[in-house]
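Down below is the structure, laid out as structure tokens.
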2 protein chains.
Amino acid sequence: MGAGMSGRRAFTHLGEDARRSALIDATLDCIAEGGPQAATVRAIAARAGVTPGLIRHYFASKEELVAQAHEALMTGLTETSASALDALPADPLARLAGFVAKAVTPPVADARAVALWAASMQLVPRDPAMRAVHAATYLDFRDRLEGLIAEALHAAGRPADAATARRLAIAGNALLDGLWIEASVLPEHVASDEARTIAVDAFARLLGVELPAP
Amino acid sequence: MGAGMSGRRAFTHLGEDARRSALIDATLDCIAEGGPQAATVRAIAARAGVTPGLIRHYFASKEELVAQAHEALMTGLTETSASALDALPADPLARLAGFVAKAVTPPVADARAVALWAASMQLVPRDPAMRAVHAATYLDFRDRLEGLIAEALHAAGRPADAATARRLAIAGNALLDGLWIEASVLPEHVASDEARTIAVDAFARLLGVELPAP
DNA sequence: TCCGGGTTTATACGATTGTATAAATGCACA
DNA sequence: TGTGCATTTATACAATCGTATAAACCCGGA
């Protein structure tokens, strides 16, 4: 592309942190697009706009890069979900409805996120570190949902004991997970607005309360 | 191991169909154990007890072998679920409860199955054939669940219209999927009997009926 | 018993992978 | 404006990947 007759390609220093996260982002992009086997050292470097050798300068091995990429993905997902809480209404019932609706509609529900999640799911049974991250993020989300459920039940005048709230949170979490997956993977069979309606309606039935349409 | 001083290793003819399915089983074992990247031609052949070249005699390429392995996995799962219906009681309420309980407890819920499912999930967005198989099995299971739900509601004296039954089936399917995943991946956080209790209780709340403990 | 044909093994090849090492470069600081 | 040093590139290497091809083998039918 008219890069001149020869010579070494130009480059700019970017700083350790920025370069690290750029490489991590490139790794996630590669995995999302073509699965783990597509995330080769050369493909990652090409997408990050650097040469392959640089990866080994910031990560002891490709395995370490992939592990850190998955950790960044997980923490990013939980942070997104946590910050979404701030934008929700204060009324406990509307709050729960809004939380549930957001969890199964775009941009939370999208094919890339599910592809990455499935990729990490494959590592969880084998890699203890991945397993720990998965358990932590799972329990974090579940606890947050349990809090919303408890407050909603209290506001509706039928508070539940701790054991019931916990069981409802487990069931609700599973419901959101499954709906999130199908709405992302098969959007033509589970449309976006339909997923929202179904999720809110199911939660209303689970808790035995009326939930406002978000 | 005392195989003699040299010579070609002994082997036996197995027949086309048997060898094909043996290679497919070996492929699934490899994927379940170490993910797709562990399912190399040599690893598959070693697990099947043959030499690598034989794979290319039965499959035009490794890609074709993997595709057929995933198809076999999917159809196997649906057949298992379908045949499980025969062993369930005739009473619609007990039948639904039993179906739900079986879906989230071993042997349906196990780490190997989830690992394979996650692996196939990664191919679904990219591979049209995998996408078609996934959609078919998903809709198949969902339709079966919708039938059970409709019959249970009818037996309980509060029949639902078609749209409601469909929405309940989608929600119930998502609930079973999510619980199946977590019970398989994190059995220490969602114990087996707890998953059964939660699932049946959640379905009772969803449908607004009393379900017998299976 | 032997022989034909499909099954299986053995070996090799090019491409791609992760990794290692040295040289060149851009940038902060004097 | 030069200079030190971390950053980045370039190149090379061994291992492993999927694939190709020819030879050896097992087994059923004559």
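Every chain is numbered from 1, with letters handed out A, B, ... down the list of sequences. Scope of the values below: all heavy atoms of this structure, side chains included, with no hydrogens, waters or symmetry mates.
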Next item on the list: Pick base, sugar-phosphate or nothing for B:Phe59, based on heavy-atom distances below 4.0 Å to the nucleic acid.
Entry: nothing
Next item on the list: Could you check whether B:Ile55 gets within reach of a base, just the sugar-phosphate, or nothing at all, counting any heavy atom under 4.0 Å?
Entry: nothing
Find the distance [X]:[atom1] to [N]:[atom2] and express it as a whole number of Å.
X	N	atom1	atom2	value
A:Leu54	C:dT25	CG	C1'	13 Å
B:Leu23	C:dT7	CG	P	13 Å
B:Arg20	C:dT8	CZ	P	11 Å
A:Gln37	C:dT16	CD	C1'	14 Å
B:Glu63	D:dG18	CD	P	12 Å
A:Arg19	D:dT8	CZ	C1'	8 Å
B:His57	D:dT21	NE2	C1'	13 Å
B:Ile44	D:dT19	CD1	P	11 Å

Margin query: In this structure, is the centre-to-centre distance between the rings of B:Phe203 and B:Phe99 below 6.0 Å?
Written below: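 No, too far apart.
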Checklist line | Derivation of the side-chain contact (heavy atoms from CB on, under 4.5 Å) call for A:Ile181 and B:Ile181 | finding: CA-CA 12 Å; A:Ile181 293 169; B:Ile181 293 170; 4.0 Å; yes
Next item on the list: Report yes or no: does A:Lys62 contribute a side-chain atom to a donor-acceptor pair with the main-chain N or O of A:Ala39 at less than 3.5 Å?
Entry: yes
Next item on the list: State, with a plain yes or no, whether a side-chain heavy atom of B:Glu146 is found less than 4.5 Å away from one of B:Asn173.
Entry: no
Margin query: What I'd like to find out is whether the side chain of A:Pro36 reaches to under 4.5 Å of the side chain of B:Gln122, using heavy atoms alone.
Written below: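 Of all side-chain heavy-atom pairs linking B:Gln122 with A:Pro36, at least one is under 4.5 Å.
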Notebook entry, point to check: Toward the 5' end of DNA chain C, which comes first, A:Ala60 or B:Pro52, by nearest nucleotide?
Noted result: B:Pro52
Check: Considering only side-chain heavy atoms of A:Arg42, which listed nucleotide, D:dA12, C:dA10, D:dT7, is closest?
Finding: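 Given the options D:dA12, C:dA10, D:dT7, the side chain of A:Arg42 is closest to D:dA12.
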Item checked: Closest to the A:Tyr58 side chain, choosing from C:dT8, D:dT7, D:dT19 ->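 Of all the options, the side chain of A:Tyr58 is nearest to D:dT7.
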Note to self: Between A:Arg47 and A:Glu33 (salt bridge meaning N to carboxylate O under 4.0 Å), is one present in this structure?
What the structure shows: yes
Margin query: I'd like to know if A:Arg144 and A:Asp140 make a salt bridge, using a cut-off of under 4.0 Å between side-chain N and carboxylate O.
Written below: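 So A:Arg144 pairs with A:Asp140 through a salt bridge.
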Note to self: One character per nucleotide, please: for nucleotides 23-30 of chain D, 5' to 3', B when the base has a protein heavy atom closer than 4.0 Å, S when only the sugar-phosphate does, - otherwise.
What the structure shows: BSBBS---
